[in-house]
Structures are given as structure tokens and as C-alpha cells.
Enquirer: 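Attaching a single structure in C-alpha cells format; questions to follow.
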Amino acid sequence: MSDILKMFTTVIKSLFKKSTCRQYPFKKPVFFDRTKGHIQIDRERCILCSLCDKRCPTGAINVDRNARTWAINSYKCILCFRCVEVCPVTCLAMQQQYSAPEEIKKSEVVEIPAKAEKAKA
Amino acid sequence: MAKRTIVPFGPQHPVLPEPIHLDLVLEDEMVVDVLPSVGFIHRGLELLCQKKSFQDMVFVAERICGICSFIHGVGYCQGIEKVMNLDIPKRAQFLRVFWGELSRVHSHLLWLGLAADAIGFESLFMHSWRVREKVLAIFEETTGGRVIFGAAKVGGVRIDISQDKLDQLAIALDEIQKEYEPLAKVFLEDYTVQHRWSEVGYLSKEDAHQLGAVGPTARASGLPQDMRKLRYGAYEDLEVEPIVETAGDCYARCVVRVKEIYQSLDLMRRVIHKIPAGEIETKVTGFPQGEYFSRVEQPRGEVVYYVKGNGTKFLDRFRVRTPTFANIPPLLQMLKGCTLADVPAIVLSIDPCISCTER
Amino acid sequence: MNAWIWGIVGILLTPVVAGLVGGIDRVITAKMQGRMGPPVLQPFYDVMKLFSKQNLVLNRFHHDLVICSLIFTVAAVGLLFAGENLLMCIFALVVGNVFLVLAAYSTNSPYSMLGADRELLQMLAAEPMILLAAVGIYMATGTFDINLIASGTHSAIQYLPGVFFGLIYVLTIKLRKSPFDLSTSHHAHQELVKGLSTEFAGPSLALFEIIHWYETVFVMALIYLFFASRPIVGIVAVLIVYFLEILIDNINARVKWDLMLASAWVITLIFGLGNLMLLFILK
Amino acid sequence: MSIKKSPWIIHYDGSSCNGCDIEVLACLTPLYDIERFGIINVGNPKHADILLITGGVNQQNKTVIKNLYDQMAEPKAVVAIGACACTGHFFAECYNMLGGVDTVIPVDVFVPGCAARPEVIIDGVVKALAVLEKKQQEKVTA
């Protein structure tokens, strides 16, 4: 008879306990230090070496030296960390906040200021 | 003769979230024949080895399957390391075992939940997955990813865990075990669960051997087959005894997995206790030349990786034989003569991972 | 005249009460599973949404059969509240159920057909006990007339504990809850997808939900009749029984149909018939 | 008016690696519990309002995805979850792959990530609700 009541205690306990629900989006999501969210670039430090472009396994990063832009397509990015590892000036970093869903796929384009402007700044 | 009905099972079916198609030929509710058709998930990722460098292939190998992602990565890396004669630091090997065993706990808890769900035990499903979230929290805390975390690397691991963190994790493991215990009891002793699983989907020891079953499916039929006995990596220093049941039915397969969670938790504690200090990776120079078969134990059973390098940064051949692939012939054997209500229980009892199988 | 008003009030109030009960049921179930659960009014949102969706009608009879089923089920509840003959109410409910099965059979989907098969099996398992309950109430109170049962001076429960237990046992079948939710269930994960209701979409599915509301109220009213002389005890008993059903739902897996049929009949025979025979001998 | 309060989902696993797949299931479980928004995973295209697809499209499953989409009653929305379903990332180079889900059926919301986290899946579904409501209003006015 007691065989059919094995789940009884667990069920009754959780009925009276507060739910473990994280209540997203009403409460802020829980992140850890190492949580992988999205890649962010420090545009002041980037030297447009395009190593990240070459090493990205999915081709999500696009560096255009002539137009001085660095673009990432977050719909291709697999958060593998590779670009952060290869960046010679460590201008790329992993941020905890994940990129948001959108109705159209578009790349996020960052303009890299020229050296002269950097010096001025 | 009763009227025959053909019930299409999959590729989209609430019981099995993964796309495999089984045509179940029924007489009333009795299954008389099963015709599988596959390929809904085939991506052809093995051929990617000719387009991605052997170091980038780790990311591809990890995306063979999202559930046992890390072990896939490790299996591939081991193959390459053997080809290139690399010596992996002890700490990296222990970390690989740690995440590997954690993946096993995560995968088995996931399976327990899904299996409970397939027999209509909603609350057990929810509670299993509640415990599983604690495992995922450890993954996220140590590597940054919840299910696919890319910690494996040719030559070692990419991320280290500090000693303080490891000590904290030991406490977290105890907590997981404490929360898991009442659920394990339900799986092992509950009346309705036994009604659905015991003497269902029987696979004899001979059949298991002849049809080439692997992993918990084989172990539940009495075959003590566990690749960790090959003592690859850090298993050299960690003794593992395969958990064997002899009943050969769905319930025995469940028992094997329930007990393996305890075993894995215990292994992780030993890893934390024994882990040496030191480097976590060796420098990789040159390109792989030669071939190797690497065999590792996944939550679902033995997986074989074949890598063949030709001295350039692209591999010649990369081939994976996954446990579910090996377990499909036994599955078809088990399904014959069962009733329709047993089909979900039996299909899930081999813990099918179709994305591994078809890649 | 009075009976008519009661009947219409019953018909109108049933969706409101049953929807609320359904919502509370979902919250309690979610709590038991360690979750938060939807808002209490969720069943109403669901049904309103379903009415606003496109209706995918498969053949000429499909939607009409569901409407027939609704009419008979509503009639059953109406008659019950109007205080008519108990046996007639039960038969109206069964006819309503049969129309639902016919609607499922009229489609060509194997899931729907197998679901209909199982629904018939469920009726085979549950109906004997419900009929025995009616007979038991007759033996205890001396009438099938609901008006007279409700205004009687003593409750049927003191003569019929066995029948009452048997009724609780088969109630999981009528409420479509584990362990006996074989033909269709509120959760998706089962081998027949949604079984009986697989092929209903939009408004048809909304009607299906409403039929289920009426059925729920019907069986709850049946439970109440056992305590008819003391209304407050009756209502408390109904609430306790419903909570018990939620609990049973959450601590059991779904069983196979052979076990359902065997156990339901054994319980019906031992507790139902045994109780009635004792009553017959002692009275 | 109330489609926003009771969106039922159906989940199809295209050629994904199970990573996003189990994260969609994780949304149903205690920690994330999307039933708070009245969302039920119905597993039946005829009942569902939102189609969640994880994984890209290959030659074999493109008809399956099309069928599923056609079987759903209007109004309906499609959410592509994970990098595979959005673009196919490196699997787009494979010989058997067609690419993202938008190569076969119209997609309303793209959810990034590999694997997409439950939080971002919830965000994506909430975004799809707005799309659904707009579609319903269009249906009423048309």
C-alpha cells in the first residue's frame, strides 16, 4: 500500500514550500562571473587586425579595414570564446548579458575610430 | 485477425522531442511491427573536418549532441592527442573527469525526468528537472555555459577551477545528493512506476550481446561493459566498477541509471579530493598525422571516434559511432510484441539521442 | 416552474464555477510540482482564445457531433439542478459522452481513433460504478428523484461508505487525471498526443473544454448528493474529494488500460456491490 | 482579445544538437515555469499558437516543418531558437543543410544563443505574443 505513496511527501512538501521559480522576467536573471552572454568590443583599443574574423569558426565576426568597422552577427555567434582568446590587444570581452531576440536578423556594427582620433581622445 | 492500424510515431511527437520516425503497426493496441525511418537531423558534420581546422573541430564535436556535449569534445580531443603523441597534464585530465561525470549526472537526471514524463508522471518530471538545474548551475558557475560550454581543448582544458571553488562544489554535490534521494526512492519503489516498467521491453543477455547493445542498456541485461574500465585519462587513478543489473527490462535500465548518479557523485568527490595542482594544458605544435580510435564512455554508452590526420591543419576523416546508433537494433527487438502504451517507455529506456546518431 | 429556474441557474453557473475550480486545480498542481502556476482565471482565457481561433473542421459531422455532445451534457447538468430523475441525468451524460467518441471516430487520425477506443474503455470502467451509486442512493433514500434526495432528512453516506469509496476511485477517470487519463489528458506528453481531442482545433476544442467543465460539475454534484441533508458538510466533502483527486494525479503515473479496467471493476464489485448487498440484507 | 494570455506552444526539434531543445523543455520546469504566462506545451500542431523550432533545416525535415506550420490554426507565430535555427551557423556549410528556418517558413522572432538560455527563450516567446496579437487584430479587421 505504501508503494503508491512514495511521491506523497515530496509533493506535499513542495505544496507548502515557496516555489524555487526564478520569476524571470519580473526578477533579474541570475548570472555567474563566467556566464557567457555576448561579445563586446572596446572600440578604442581595436587595431583592426581581423584575427577574430579569421579565427571565428562560424564566420560571425566581420572586420572591414577600409570602412573601419567591426561587425558581429549574434545569430551566428556560438559563444565559443575563440575571438577573445586570439585577440592580440585583448579588446574583446565576454559580457554576461545575453543578446536579445529580434524580429529581423541584423549584425551589430561598431565603427572603429582612426588612430588620429584615438590620440585626440 | 484484428484490424491493423499504422500509428506514425514522430518526427514530431510530444513523448520524444527528437525527430525519429517509427511506423508502429498495431493490431488493436499490440505492436506487431516497427519500421524506423531516419535522417531528419542529419547535418553531415563529419565532413566539416575538411573545412574547419582540427582545433576548431572541437566546437563541432561538442555540437554533435547538446546533452553529452562535453564528453563528445573530450573524446575527439583524446583521439587527436593520441595521434599527435601529446602528454596531457594530470590536472586537466582530472577536470575532464569532473565535468564528464557532472555531464553524466545531468544527462541521467534529464533522462529520469523525460522517462517519468513518458509514463504520465508529471510531478516526478518537474522535480527531477528541478534537481538537474542545480547541476546546470555548477556548469554555469565553472565554465559559463549551461549545456554547451566548450571547456575541452586539444591539449587540455580551457578553463581552470580554483581550489576554493572545488571545495564549495563538494558541498553543492552533497546538496544535490540530498535532494535527489527521495526522488530516487520514487523511481525504485513506486507502484505505478513499476507497473509501467517492470517486465516491459525485455532484452536478454544473449540478445544484448549479439545485437551490440552498449551502456546502461547492456548493463541492465547483465553485460558488465563500461569503457571507463579502459582507464583512459584520469580514470587511471579512479577505480570504477560498472553497475550491472540482470533483469533486462525497462525497470532494470532505470535502476542502473539511478545508481550511476550516486556513482558519479561519488567519483566527483574523489576527483575533488585527489586533483593535483599544475598546468591545465600543453602547447600544441604541428599538425596531426596518422589515425586513432578513441573510445569513451558517455551517459548513453560507448562512443567511438575515429580521426585520421594527413599532416595539414585539416583532418582527412572524422567518424563517430554513437551509443544510440548501437542501441537501435536492440530497441527494435524490444518493441515487438509490446502494447502501444509501452512504446514511449521502451523507446526512452535506451535513452535515445537522435542528434548524436544522425549527426 | 421552480425547477426550470434552478435548472437554468445551474447551467449558467456551471462554467463559472468549473472554470474557477479548474484554475485553482492548475495552481495547486503547479505548486505540488514546485512551480508557480498560471493565474486562477487561466481556463477562461484559454477557452476565449480557442473561440477566437480558426476552426479546422475535417468533415461534415465533426463539429456538429461536438455540439450534440455539448447539448446532452448541458442537459444532464440542467436536469440534475432541476431536481429531475437521477438515472435520466446519468444517461444524458453518457449519451453526451458517446457523441464525443463519435466525433473522434469521424476523423481519420489514428491518434484520435485510438483515443476514442480508450474513451469507450474508460466508460466501461467508470459507468457501472456511477450507476451503482445511483442505485445505492435509491436504496438509502428510497427515491431516484433528486429533489426528494436533496430535501431528505438523512444523508446517504452513512449507508454507503463503500459505494462512496468506489465512486472516488472511478472519479479520476471522469476528471481525466492520472492514473486513469488514458484517452486524453491535460498534459501533452503521452503516446496518443492528445488522444480523443487530437483533431479538435479552435472552437471545437473550446466546446470540448466546456463539456469537460459540465462533466466535472456533474460528478461533483453526485458526490454532494451523498451528503445532501447537510449542505455545508456536503460542500466541504466535495472540496476534500477534489483535492484528493489532484493529489492522486500528482503521485501516480498513468497506468495501462487493462489495469484500469480490472481494478475499477474489482473495486466496483467489492465496495460497490458488496455495500449494496449488505444494505439489502440489513435493511 | 485574449490570445496574449493563453499562448500554447508546440516544439519541433529540427536538425539541432539537443542543446536548445532541452533548454526549451527547461523553460517548462520549476525554475523558469512558463506556465505562469498561461503557456502550455501542447505537442499538437492543431492546438498550438506558437511554433518553436530549434535547429536548422535539412533536406529531410523541410517538408515536416512545412506540414507542421500548415496544420496550425490561424493566427500563428514562429520562433526560431538558437544560432542553428536562425542562420545555421557553421552547419550551414554542411552538404545536407539548407540553413536557417526562414528558408522554409516565415519566422517572426529570432532567438540568438548557442545554446539559447531559458531566459532569452522566454523573451523570444513574449516577443512572439506581440506579433500574435497584431496578427489577430489584422484578422478581425480584414
Side-chain angles (χ1 to χ4, degrees), chain C residues 19 22-23 25-58 62-63 104 107 109 111-112 115 184-206 208-209, chain D residues 1-13 21-22 24-52 67-77 118 122 125 129 132-142:
Chain C
D25 174 356
R26 277 176 69 175
V27 172
I28 293 180
T29 304
K31 279 255 167 206
M32 281 178 172
Q33 296 172 351
R35 295 185 286 126
M36 300 265 293
V40 177
L41 295 180
Q42 190 59 43
F44 298 109
Y45 298 146
D46 287 352
V47 166
M48 280 196 293
K49 177 207 70 175
L50 286 172
F51 272 121
S52 75
K53 293 265 295 184
Q54 178 192 16
N55 197 1
L56 300 170
V57 184
L58 295 167
H62 189 216
H63 192 62
T107 66
S109 148
Y111 294 123
S112 177
T184 181
S185 103
H186 290 297
H187 337 120
H189 289 245
Q190 64 159 311
E191 64 274 13
L192 289 183
V193 190
K194 279 285 208 178
L196 195 64
S197 59
T198 308
E199 295 299 316
F200 301 148
S204 298
L205 189 66
F208 179 85
E209 288 287 318
Chain D
M1 40 74 76
S2 57
I3 198 155
K4 220 177 158 180
K5 288 192 168 164
S6 142
W8 290 359
I9 58 171
I10 176 181
H11 164 220
Y12 180 70
D13 176 12
D21 209 32
I22 53 179
V24 170
L25 282 182
C27 285
L28 305 170
T29 54
L31 239 62
Y32 297 98
D33 185 26
I34 47 172
E35 208 192 345
R36 285 176 295 140
F37 308 103
I39 298 173
I40 308 177
N41 184 8
V42 283
N44 178 357
K46 298 207 164 173
H47 296 184
D49 306 305
I50 302 179
L51 175 59
L52 305 183
N67 276 348
L68 276 178
Y69 184 73
D70 291 342
Q71 278 178 23
M72 287 166 67
E74 295 282 350
K76 54 194 169 189
I122 293 175
V125 171
L129 293 185
L132 260 183
E133 208 181 22
K134 215 166 80 190
K135 280 188 183 174
Q136 196 182 32
Q137 275 163 5
E138 275 166 20
K139 196 182 138 208
V140 171
T141 49

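In what follows, chains carry the letters A, B, and so on, assigned in the order in which the sequence lines appear, proteins first and then strands, with residues in each chain numbered from 1.
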Enquirer: Nearest heavy-atom pair of D:H47 and C:K49: which atoms, and what distance?
Expert: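 Shortest heavy-atom separation between D:H47 and C:K49 comes out as O-NZ, 4.4 Å.
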
Enquirer: Taking all atoms of both residues into account, what is the closest heavy-atom pair of D:M72 and C:Q54, and its distance?
Expert: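 Smallest heavy-atom distance, with atoms named: O-OE1, 4.4 Å.
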
Enquirer: So do D:S6 and C:M48 actually touch side chain to side chain, heavy atoms under 4.5 Å?
Expert: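 A side-chain contact under 4.5 Å is absent here.
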
Enquirer: Distance from D:K46 atom NZ to C:S109 atom OG, nearest 0.5 Å?
Expert: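 Interatomic distance, D:K46 NZ to C:S109 OG, rounded to 0.5 Å: 7.5 Å.
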
Enquirer: For chain D, which candidate among C:G37, C:A30, C:G202 shows the most heavy-atom pairs at distances under 4.5 Å?
Expert: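 Most heavy-atom pairs within the cutoff with chain D belong to C:G37.
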
Enquirer: Quick one: CE on C:M36 to OH on D:Y32, what's the gap to the nearest 0.5 Å?
Expert: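 Taking CE in C:M36 and OH in D:Y32, the distance rounds to 14.5 Å.
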
Enquirer: Closest heavy-atom contact between D:P30 and C:G34?
Expert: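 Closest approach of D:P30 to C:G34, heavy atoms only: CB-O, 3.3 Å.
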
Enquirer: Provide the closest heavy-atom pair for C:R35 versus D:D33 in the form atom of the first, atom of the second, distance.
Expert: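 The pair with the smallest heavy-atom distance is NH1-OD1, 3.2 Å.
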
Enquirer: Run through C:R26, C:Q42, C:Q33 and flag the one making a side chain to side chain contact (heavy atoms under 4.5 Å, CB included) with D:E35.
Expert: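 Answer to the side chain to side chain contact (heavy atoms under 4.5 Å, CB included) test with D:E35 among C:R26, C:Q42, C:Q33: C:R26.
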
Enquirer: Is the NZ or CZ atom of C:K53 both under 6.0 Å from the centre of the six-membered ring of D:W8 and within 45° of that ring's axis?
Expert: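 Because its charged atom misses either the 6.0 Å distance or the 45° angle limit, C:K53 does not stack over D:W8.
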
Enquirer: Going by heavy atoms in the side chains, are D:K5 and C:L41 under 4.5 Å from each other?
Expert: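 Counting from C-beta outward, D:K5 and C:L41 never come under 4.5 Å.
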
Enquirer: Measure across D:I40 and C:D46 and return the closest heavy-atom pair with its distance rounded to 0.1 Å.
Expert: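 In this case the closest contact between D:I40 and C:D46 is CD1-OD2, 4.3 Å.
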
